[in-house]
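Protein chains get the first letters and strands the later ones, always in sequence-line order, with residue 1 at the start of each. The figures here come from the full heavy-atom set of this structure, side chains too, leaving out hydrogens, waters and symmetry mates. Keep in mind that what you see is a predicted model, and the values were worked out from it rather than measured.
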Amino acid sequence: MIREIIKKRVEETLKDLGQEYDFKVEVPPEQFGDFSTNAALVGAKYFKRPPRDIAADLAENLRQYEDFENVEIAGPGFVNFKVAPSLFQSVVKKILQEKEGFGKKNLGKGMKVQIEYGSANPTGPLTVAHGRQIVIGDVLVRIFKEMGYDVENEVYLNDAGRQISLLARSLWVRYNELFGVSHEIPEDGYRGEYLVEIAKKLAEEVGDTYKDQWDEKVEEFFREYALKEIRSWMMKTFERIRSGFDNVFSEKSLIEDGTVDKVLEILREKDLVYEKDGALWFKVSDFVDEDDKVLVRKDGTPTYFMTDIAYHFKKHERGFARVFDIWGSDHHGHIPRMKAAMKALGFDDDFFNVILHQFVTLRKGGENLRMSTRAGRFISLDELMDQVGVDATRYFFARIDPSTPLIFDMDLAVKRSMDNPVYYVQYAHARICSLFKQAQTKGLKFIEGENLDLLSNEHERAVMKRLDLFEDALLDAFYNLSPAKITSYLEDLAHDFHLFYTHNTIVDPDSPEVSNARLNLSLAVQIVIKKGLDILGVSAPERM
RNA sequence: GUGCCCGUAGCUCAGCUGGAUAGAGCGCCGGACUCCGGAUCCGGAGGCCGCGGGUUCAAAUCCCGCCGGGCACGCCA
């Protein structure tokens, strides 16, 4: 908010001086003031004068505004602003007025968007790798809502195809083991212990009915049973990590309801498919510099690519103006051909968006292992939440930017869960709650919105300035699709608050006005922390 | 081989849409208010920002080339 005010003032001043161009207003290193602009540096080529000259003119003209306590020139030609306390105080006032609405924007103007994440083969428990994706996705959904989008989240279940057959067979092998009948788990089958659990449950229900018996009907039965069980695990885990879904979408349904055929027909009409080696191919190369890809296999079944095109066709049909898919970086090769397909269907370039996140690598005994559900080599998301709690889990994943590869050391995660910065932020919130109790005990009457003009010392200024930057942090997170911008902001705010708290007595019955002012400031901090934690899906405890 | 991502403090990571002396947390060393929550605060040690060129008034940031790591190049998903 203050940044915009400064920008406007500088723009006006430049206009008076006869120029118009783009420049930045930033937060400089502390010793240079509250805000800083490079307008004079950028302006050198427009004014055809040395930056410091221009800066001098700017400063001269800007000093007249009472929003600024001080305007100075520094370095090669920066103009630095020290902001008047009244301007900072207006931020506190705004927060107290808008409460949890503070920071809300209407960038989306109600545009209907979808964010798809957590999509997985329903072949085993969700792992910490899924956790990362779920948290990124869920936080983005909350940010989009904040920015005025009509956003839905959705999880896509890859419940069609070969891997599900393998799952069925693997379950069947485990089931037979219970009756002392030994079969081999298929080479690409699923070896995790969790199938033993499901097998036991199944055996309790149906006894040895399917012992050593295998045909299409049995396969179908095992497939459905495994899917049902695993799907229900997944849903429980989603709930637990506080990411419910508006929709759960089944890949299989696209085949069953004819969407696949419909899309195929459209592509055929546009002459974008051809037959070769008994399979049906899509002319990817007509659109991007990639090889053509198979849509329908020789045996007549659709590929993952095919169903994915159909899936996105359906998303479009459902009225989403934009969709964001959150994928692991191993899917990056899939992007160009999907873009080609979207183009082929005549969709807007903005429609299809992918957010890639880097991998989660598992570290065990000093060795790095790629997690693999197939091999049974993973740490489940539930296991993690059992050990470190939901808040710390969410915060941990939100904190690391999607583009950074994540090395996950379970031992460390557990041992150090108390070091998670989430507690630092939550503590600031709890502390503020406690301040208000303290005020009550000491008989201080709190009047919201009063005495703000008493806030002006360095710590108070620092907190107010930080509060003002919340909107920037949100926008930053939105434009960069990066939840980490929120966590680092909250840590900064918590730090500024703890500092203020340590160096100032907030509740002091001997000076009720100052106390009231500081309580108001604390309340503003509390509102913003709560809001930030809400966006992260992390609780804001009143005591801890 | 081709393409994409990554390389910043002992560790985990910010900073990357170019700006002033490169930051935080953890770990390590040393400190703090007789009082509102010490899950806090302050100070210190610790960096050829992978390497080499280039562009620029200005490069961790942009471009090129190397080196190192990850991933993808299926009628798997």
What nucleic acid atoms does [X] come within less than 4.0 Å of, heavy atoms only: base, sugar-phosphate, or nothing?
X: A:L499; answer: sugar-phosphate
X: A:H495; answer: sugar-phosphate
X: A:L356; answer: nothing
X: A:N504; answer: base
X: A:E251; answer: sugar-phosphate
X: A:A74; answer: base
X: A:P405; answer: sugar-phosphate
X: A:S36; answer: base
X: A:D401; answer: sugar-phosphate
X: A:A430; answer: base

Considering only [options], which nucleotide approaches the side chain of [X] most closely?
X: A:K442; options: B:G18, B:C42, B:C36; answer: B:C36
X: A:H332; options: B:C76, B:C4, B:A14; answer: B:C4
X: A:R431; options: B:G19, B:C5, B:U40; answer: B:U40
X: A:F78; options: B:A20, B:C41, B:A14; answer: B:A20
X: A:Y304; options: B:G38, B:U17, B:A77; answer: B:A77
X: A:W281; options: B:C75, B:G19, B:A77; answer: B:C75
X: A:F32; options: B:G74, B:A20, B:A77; answer: B:A20
X: A:Y427; options: B:C36, B:U40, B:C13; answer: B:U40

Open item on the list: Under 5.5 Å centre to centre and under 30° between planes: does that hold for A:Y424 and the six-membered base ring of B:G25?
Closed with: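 No, the aromatic ring of A:Y424 does not stack with the base.
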
- [ ] Give a yes/no verdict on base stacking between B:G70 and A:F359: centres under 5.5 Å, planes within less than 30° of parallel.
- [x]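 According to the criterion (under 5.5 Å, under 30°), no, A:F359 does not stack.
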
Open item on the list: Heavy-atom nearest nucleotide on RNA chain B for A:R337 versus A:P76: which residue maps closer to 5'?
Closed with: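 Upstream on the strand: A:P76.
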
Task: Closest-nucleotide 5' rank along RNA chain B - winner of A:L41 and A:A494 - done: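 Between the two, 5'-proximity favours A:L41.
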
[M] and [N], which share atom name [atom1], separated by this distance in whole Å:
N: B:A60; M: B:C76; atom1: C1'; result: 40 Å
N: B:G69; M: B:A22; atom1: P; result: 31 Å
N: B:G65; M: B:C4; atom1: P; result: 11 Å
N: B:C16; M: B:A32; atom1: P; result: 38 Å
N: B:C67; M: B:C28; atom1: P; result: 40 Å

Side-chain N or O of [X] versus OP1/OP2 of [N]: is the shortest distance under 4.0 Å?
X: A:K24; N: B:G18; result: yes
X: A:S434; N: B:G37; result: yes
X: A:R297; N: B:G74; result: no
X: A:K485; N: B:G15; result: yes
X: A:Q426; N: B:A39; result: no
X: A:T404; N: B:A14; result: yes

Does [X] reach the main-chain N or O of [Y] with its side chain, forming a donor-acceptor pair under 3.5 Å?
X: A:E26; Y: A:S36; value: no
X: A:S170; Y: A:L166; value: yes
X: A:N480; Y: A:D476; value: yes

Sub-6.0 Å ring centroid separation between [X] and [Y]:
X: A:Y311; Y: A:F249; result: yes
X: A:Y46; Y: A:Y21; result: yes
X: A:H334; Y: A:W327; result: yes

Open item on the list: So for A:T303 and B:A77, does any side-chain atom that can act as donor or acceptor lie under 3.5 Å from a complementary atom in the base?
Closed with: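 No such pair is found, so the answer is no.
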
Task: Quiz item: A:N80 side-chain donor-acceptor pair to B:A20 base, under 3.5 Å - done: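 Such a pair is found, so the answer is yes.
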
Could you state the atom-to-atom distance from [atom1] of [X] to [atom2] of [N] in whole Å?
X: A:L254; N: B:A77; atom1: CG; atom2: C1'; value: 14 Å
X: A:D330; N: B:C71; atom1: CG; atom2: P; value: 9 Å
X: A:K298; N: B:C76; atom1: NZ; atom2: P; value: 10 Å
X: A:H334; N: B:G3; atom1: NE2; atom2: P; value: 22 Å
X: A:N520; N: B:C36; atom1: CG; atom2: P; value: 22 Å
X: A:L481; N: B:U17; atom1: CG; atom2: C1'; value: 14 Å

Task: Presence of salt bridge, A:K315 and A:D325, under 4.0 angstrom - done: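 Salt bridge present between A:D325 and A:K315.
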
Open item on the list: With a 4.0 Å cut-off on N to O distance, would you call A:D34 and A:K82 a salt bridge?
Closed with: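 Salt bridge: no.
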
Open item on the list: Could you go through A:L533 and A:R394, starting from their C-alpha distance and side-chain angles, then the distance that decides it, and tell me whether this counts as side chain to side chain contact (heavy atoms under 4.5 Å, CB included)?
Closed with: CA-CA 10 Å; A:L533 288 175; A:R394 285 194 63 115; over 6 Å; no

- [ ] Give the intermediate values and the outcome of side chain to side chain donor-acceptor pair (under 3.5 Å) for residues A:Y304 and A:Q163.
- [x] CA-CA 11 Å; A:Y304 167 77; A:Q163 84 283 356; over 6 Å; no

Open item on the list: Requiring both pairing distances under 3.5 angstrom, list the stems that contain RNA chain B and are made of three or more consecutive Watson-Crick or G-U pairs.
Closed with: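 Stem segments, range with range: B:1-7 with B:67-73, B:10-13 with B:23-26, B:28-32 with B:40-44, B:50-54 with B:62-66.
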
Task: Stepwise side chain to side chain contact (heavy atoms under 4.5 Å, CB included) check, A:N158 with A:Y156 - done: CA-CA 6 Å; A:N158 303 120; A:Y156 183 52; 3.2 Å; yes

